[in-house]
Structure formats: C-alpha cells, structure tokens
S.K.: 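One structure, pasted below without further comment.
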Number of protein chains: 2
Amino acid sequence: MHQRSHEEQRYLDSYNASAFDRPSVTVDVVILTLRDGHLEALLIKRKEHPFLNYWSLPGGFVQMQESLDEAAARVLRQKAGLEGVAGMEREGPLRHPIYLEQLYTFGHPERDPRTRVISVAYYALVEASHIREMGEEKALFRLRIPEGESAVEIFDSKFKKYSLAFDHAEILGVAIQRIRGKLGYTPIGFELLPERFTLRQLQTVHETILQKRLNKDSFRRKMLASGMLEPTGELERGLGRPAELYRFRREL
Amino acid sequence: MHQRSHEEQRYLDSYNASAFDRPSVTVDVVILTLRDGHLEALLIKRKEHPFLNYWSLPGGFVQMQESLDEAAARVLRQKAGLEGVAGMEREGPLRHPIYLEQLYTFGHPERDPRTRVISVAYYALVEASHIREMGEEKALFRLRIPEGESAVEIFDSKFKKYSLAFDHAEILGVAIQRIRGKLGYTPIGFELLPERFTLRQLQTVHETILQKRLNKDSFRRKMLASGMLEPTGELERGLGRPAELYRFRREL
DNA sequence: AAAACTTATATGCAATAAGCATATATCTAG
DNA sequence: CTAGATATATGCTTATTGCATATAAGTTTT
C-alpha cells in the first residue's frame, strides 16, 4: 500500500475540496424488461420541479460514502422496489439476480436546469415476473426505435406517446443501442428470461432486442451448439408440439 | 422545448445545490499509441501530493461550464500537448484527428485520499508521429498484460516496471481490454496508423492490441474484402517486395 | 377415434468465411 | 546474377449460416 509521509499527511489534512466548484452527481438506471414480445422500461413519475409530473428514469444523487455500483443498486431498491443485483448483495437463495451494468456518463452542462448535474447512467435487465405491481407513480412503457432512426419512442399500454424528463429519452436510446450491440458478443439475452425457458422464448428475446426476424432453424442450431443451454429434461406444453425447457449454463 | 411555469421558475431560483454534499469530478485520459510493435501510454509525473512524483494518467477537474467531452479534450491539450480531437474542434486541415471516447466512470469512495473524487475516464488513440517530444514531466510507457491475467504491467524504455498513482493502472487495464474487444466490431485500429499504411502495418496494429499472432494470408484477404481499404497506387520499398500503400476509407 | 391444425425439432444443401499450406512476384543486398 | 527478404496470390479444408424440406408431438375440431 502507498506509504504516506508527514508532509503528505499535512497536505491531505489541509485539502479543501470546497475551494473548487463541483457539479452534482447522480446515478440514473434504465430498467429494461421484456413482456409479450415488447421491450419495456420501468419509469417513475416526477413529484417535484423541474419536469413535474413527467415520467423519468429512476435516479438519485450519489451519496458520499457509497460506490457508484452501490448507488445504482440503492436506486433500484428505493425507487423501483427491485432487489437482488447480481454479485452485490448477500448471496442468499436468489431466484433471479438482476443484471446491472454501467452504461455511459452524461455530462452536458445544461442537462438539468437546477444546477450542473452529471449522471452516471446504468442499465438493468430484469425478468418480467420480478417486477411487482405498478401504480400511479411507476409504470412500464413500451420502447421502439423506428427503422433508420436513432431516437427511441416511448408508449404506454394505450399506445399514447410520451416525452421524458431531462435527457432521459436519450439515455434510454443509448441503453437500447448498447444491448443490441452487446448481444453480439455477450449472452445477455438470458438475463431477460426466467430460469427455465424454451428456444422460442430465447429467440423472441433476441428478435425483440434486435427488432428483426431471425431464422428459426439456424438460430436453434447455433444456440444448441453454443454449449450455453442446459437441458432440464422437462417440456412446456402449448398448442403444438411440446417444447423442451432449458437453463442458461453460466460459466463459473 | 420544455415550457416553464412561474411556480417552476421560483423553485429553480431557490434551488441550493450546496445543501447536498458533492464529490469532486475529474476527467482522466488514457492516451494510447503504438511504436515498434508495442502498445504505449503517455503518462505524466505528478508534481504534488498525494502520490508525489508517481507517474499518472493526464487528468483534471471538470469545469462547471464545459461538457465532459470538452474537459477530456482540454486535458489532452493542456497536459499532453495534443490537439485536434475528431469531431470537436474547428474543422481545419486536420492531418490526423485524434480518436477520443469515453471509457468508464470510476467512483470508488476511497480511490483518492484527499476527498471523494469520481473520475470519468476516456481513452484516446493517437498515431505515434502526432506525439511530440517527451521530457521530465511526461513520457511514453510500454504496456503488457501477461497471459491469463487482467492486470497491466507498465515499463519504461529500460524495461523498469512502474506502479501508477491512484487506481490509474486499473483504468489503463480497462482501456486495453476495451480496445481489444472493440477491435472485433469497429475499425479502431486505423486510428493508430498514419494516413497511408501497408497491410503489414495494419496487421501489426491488430497483433499488438490483441497480443497474439494473426494468419497473414487470411488477414489480408479479409481486410481487402472488407471495402475499408482504399489503394493509393503508391508503394513502400523495404528489403523485400515493395508493399502497396492504402488509406482507410471512412464511411460518411 | 380420426383428421386437421399448430408448433417444435431435425437434416441436407449451398454459399460464405476463416485457417493454412503452397506458390509466385518483386524488390534489395551481396 | 544469385541469395535473401518480404509481399501478394490461390487452392483446399473446415466451420458457420441461411434456407428449404421433412418429421415429430402435441391440442383442437369434427
């Protein structure tokens, strides 16, 4: 460990961070889930100015004694009622850990009219059954990026379109582009599935995220060859031939 | 644009950011270049505590009126004497724009003994001839990640090994892993080459970043088929057969 | 009970890509 | 002029992907 001299200790003791003007720092979390073949985000309604009554990403100021990861997990818990972030909290019998990853840090000086606020944005992938009852203050919205565009469109269940507070629609758009790209080299699609799933459900996750149709036979052969699928030996019955159920074989 | 009511304006006028304790925010830039088949980083020597006389990444506090991207570009200019970030400054006859991208935000509460400091880290890819004279205060160091490990090793030109200030070695390691991965889906290797280059030089860039040998014939066929190489019609003479010179065909 | 329908699973073939061995070309050095 | 160094080219094998076609296994309808 770095050894400190008396001179250095005196320097540290006299250091005054207030001598410099500092921006505020928040953590904002894009909570993504998948329902009925739609990518959705959990948003909360702002109760104070600015953007009073606008829907927004759950967020909060970073506390002085917590890491950024801890702040994001706290926001998930306090603002969205979601607990059990993978690799963060006490390892109990977690049914389905939440996937949480840093997205990007948004720091345009004018992004918040109150004061200078820098936002360290995260995204969380949450299996739909993990999300509890919605209410007046928080709800799930469907997301869509029109062909050839980059801006995301946000709809409620009655297909009414919304603008979000601050630059939260832009943050949301970055998150969607991120998971589209990441799906190409990291098996994050599994984070949106229940513990046991069918190949059709896995393909639906991929098609929903990528917003395009995939070839059924190629997809299943590729997935079966990947070694990531662990057969459970059980079947799920529907209208047609029963489908085999799999688990995601996580590498240790 | 979001229209503001009188009530909201009053709210904003009375807002006091100092009511909340705020961390300091810095921008730190990993400056990467490639010389003699080695990946190198430009570091500067700290002139004050803590970590006095330790080598460190160029960095600085984020000013209240600048964006994070502007802060990173300012750090490049003021601390490393590098100008001409792609897409940022006035478009003059830039010989070789510098590639600058946000890396990750490091926010462990104890990472700086002075006070709580959150670092928005960037990485810059700089063609070697762009880097001016080194001196007592800044120098280039060779980087290497041993097989099967994740921590980066930092050497000077006499193969002396160094530890860096703060968590800057960790930040450096994240940057190397980032460009290794990104090389797979974005042609960032070209950012480390001069305007005109040979296929051998391009392969050397890839091999140095990935820290492994690539098959010469497959590599060149793949690159020639990619459509990214624009033949200049000129040759570069060496000891053997003259090599054809290419330019990077940037998509508009 | 049988037929129709739905959905899942399996397989062969063609096209494309990647790895590798081998050959030829074109220069400079001796 | 030959040897050496380096670049460029090509054929073959293996792997992957897309697609068409076939078979399997249920549920629903008649």
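Scope of the values below: all heavy atoms of this structure, side chains included, with no hydrogens, waters or symmetry mates. Naming convention: chains lettered A, B, ... in sequence-line order (proteins, then strands); numbering from 1 in each chain.
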S.K.: Over how many whole Å does the gap from A:Asp217 atom CG to C:dT11 atom C1' extend?
M.R.: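 It is 9 Å, rounded to the nearest whole Å.
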
S.K.: Do A:Glu207 and A:Lys212 sit within salt-bridge range, that is, some charged N less than 4.0 Å from a carboxylate O?
M.R.: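 Judged by the 4.0 Å cut-off on N to carboxylate O distance, A:Glu207 and A:Lys212 do not form a salt bridge.
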
S.K.: Salt bridge or not between A:Glu137 and A:Lys45? Use side-chain N to carboxylate O under 4.0 Å.
M.R.: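 A:Lys45 and A:Glu137: not salt-bridged.
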
S.K.: Can you check the A:Leu239 CG to D:dG26 P distance for me, whole Å?
M.R.: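 Checked: the CG to P distance equals 14 Å.
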
S.K.: Does the pair A:Glu153/A:Lys161 count as a salt bridge with the N-to-O cut at 4.0 Å?
M.R.: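 So A:Glu153 pairs with A:Lys161 through a salt bridge.
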
S.K.: Ring-plane angle category for A:Tyr99 and A:Tyr123, please: parallel below 30°, perpendicular beyond 60°, tilted otherwise.
M.R.: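 It falls in the tilted class, 30° to 60°.
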
S.K.: Pairs under 3.5 angstrom, nitrogen or oxygen only, protein versus nucleotides 13-15 of chain C, please.
M.R.:
none

S.K.: Could you state the atom-to-atom distance from CZ of B:Arg237 to P of C:dT26 in whole Å?
M.R.: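 So the two atoms are 12 Å apart, to the nearest Å.
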
S.K.: In whole angstrom, what separates A:Arg220's CZ from D:dT17's C1'?
M.R.: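 Computing the A:Arg220:CZ to D:dT17:C1' distance gives 16 Å.
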
S.K.: What are the residues of residues 198-216 of chain A, sorted by number, that bring a heavy atom to within less than 4.0 Å of DNA chain D?
M.R.: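 Close to the strand are A:Asn215.
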
S.K.: Rounded to the nearest angstrom, tell me the gap between atom CZ in B:Arg241 and atom P in C:dT24.
M.R.: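 B:Arg241 atom CZ is separated from C:dT24 atom P by 13 Å.
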
S.K.: Roughly how many Å is it from CG in A:Leu235 to P in C:dT7, rounded to a whole number?
M.R.: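 Interatomic distance, CG of A:Leu235 to P of C:dT7: 17 Å.
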
S.K.: Roughly how many Å is it from CG in A:Leu224 to P in C:dT9, rounded to a whole number?
M.R.: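 Distance check: A:Leu224 CG to C:dT9 P gives 8 Å.
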
S.K.: Starting at the 5' end of DNA chain D and moving along, which residue's nearest nucleotide shows up first, A:Gly240 or B:Leu245?
M.R.: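 Going by which nucleotide is closer to the 5' end, it is B:Leu245.
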
S.K.: In whole angstrom, what separates B:Glu236's CD from D:dA7's P?
M.R.: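 Value for this atom pair: 9 Å.
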
